[in-house]
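In what follows, residues are counted from 1 in the order of the sequence shown. Note that the coordinates shown come from a computational prediction; the quantities given were computed from them, not determined experimentally.
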Amino acid sequence: MATTVNWVLNKREDEGLAFAARGYDPRTGRVVDCLTTEPAVQVYAGNGLNGSLAGSAGTTYRQTEGFTLETQHFPDSPNKPNFPSTELKPGQEFHSTTVYRFSTDAALPPIPR
């Protein structure tokens, strides 16, 4: 069972690409930043996993071993007039940009000479 949360971003509709979320692993120093033009980000975490679910390679999935960041509009937008519209009329085009930027919290080691 996965835990799912939708976070509404504090940004204007016309703002363009904006910071949405950061994932950080203090043990390894790995960082992932998510930037998007979408108004929200859905976060999925496997908090309900207990190690009984196995992937195609036989590796089991356990709690806290992963998460996803999915940028999107608000859930149930078509039924909520106060939410940003998701309606796309004939002839209109939909454009969305999401960037996942990976880094570490440590400086890179010097290049060997």
Side-chain angles (χ1 to χ4, degrees):
M1 169 173 223
T3 301
T4 306
V5 178
N6 184 269
W7 293 93
V8 174
L9 303 179
N10 188 15
K11 65 187 275 305
R12 297 182 323 271
E13 254 186 271
D14 63 347
E15 189 172 337
L17 194 63
F19 177 80
R22 169 172 284 171
Y24 172 61
D25 180 357
R27 187 177 56 82
T28 64
R30 290 181 293 191
V31 177
V32 59
D33 287 334
C34 177
L35 300 96
T36 187
T37 58
E38 291 294 313
V41 62
Q42 187 88 8
V43 180
Y44 297 95
N47 293 341
L49 298 175
N50 62 11
S52 64
L53 183 63
S56 59
T59 303
T60 57
Y61 299 116
R62 299 176 304 183
Q63 286 182 337
T64 70
E65 289 188 337
F67 69 97
T68 62
L69 300 170
E70 177 186 313
T71 61
Q72 63 181 29
H73 272 70
F74 306 164
D76 203 25
S77 284
N79 299 310
K80 306 285 185 190
N82 57 323
F83 284 6
S85 177
T86 55
E87 181 180 22
L88 191 63
K89 296 180 180 170
Q92 289 182 318
E93 293 183 7
F94 173 75
H95 298 278
S96 176
T97 302
T98 297
V99 174
Y100 296 97
R101 183 175 54 202
F102 297 89
S103 62
T104 67
D105 65 355
L108 294 174
I111 298 173
R113 298 199 184 261

Rounded to the nearest 0.5 Å, how far does [atom2] of [Y] lie from [atom1] of [X]?
{"X": "Lys80", "Y": "Phe74", "atom1": "NZ", "atom2": "CZ", "answer": "12.5 Å"}
{"X": "Tyr24", "Y": "Asp105", "atom1": "OH", "atom2": "CG", "answer": "3.5 Å"}
{"X": "Asp25", "Y": "Arg30", "atom1": "CG", "atom2": "CZ", "answer": "5.0 Å"}
{"X": "Cys34", "Y": "Arg101", "atom1": "SG", "atom2": "CZ", "answer": "10.0 Å"}
{"X": "Asp76", "Y": "Asn6", "atom1": "CG", "atom2": "CG", "answer": "11.0 Å"}

(message) Please enumerate all residues that pass ring pair (Phe, Tyr, Trp, His ring centres under 6.0 Å) together with Tyr61, with sequence neighbours excluded.
(response)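 With neighbours one apart ignored, the set is empty.
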(request) Just jot down the side-chain contact (heavy atoms from CB on, under 4.5 Å) partners of Glu93, sequence neighbours excluded, or say none. (result)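 With sequence neighbours excluded, Glu93 shows a side-chain contact (heavy atoms from CB on, under 4.5 Å) to His95, given in chain and number order.
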(request) Would you check if the side chain of Thr37 reaches a backbone N or O of Thr97 as a donor-acceptor pair within less than 3.5 Å? (result)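 Present.
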(request) List for me each residue that meets side chain to side chain donor-acceptor pair (under 3.5 Å) alongside Tyr100, sequence neighbours excluded, and say none if there are none. (result)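 Partners of Tyr100 under the side chain to side chain donor-acceptor pair (under 3.5 Å) test: none.
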(request) Please determine, by modelled atom types, if Gln72 and Glu38 share a side-chain donor-acceptor pair under 3.5 angstrom. (result)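 Note: Gln72 and Glu38 side chains miss the donor-acceptor criterion.
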(message) For a quick check under 3.5 Å, do Thr98 and Thr36 share a side-chain donor-acceptor pair by atom type?
(response)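 The answer is yes; a qualifying pair exists.
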(message) Using the rule that Ile, Leu, Val, Met, Phe, Trp and Tyr join whenever any side-chain heavy atoms are under 4.5 Å apart, tell me whether Val41 and Phe102 fall into a single cluster.
(response)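 Cluster IDs for Val41 and Phe102 match.
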(request) State, yes or no, whether a side-chain contact exists between Phe67 and Val32 at a heavy-atom distance under 4.5 Å. (result)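 In short, these two side chains touch, coming nearer than 4.5 Å.
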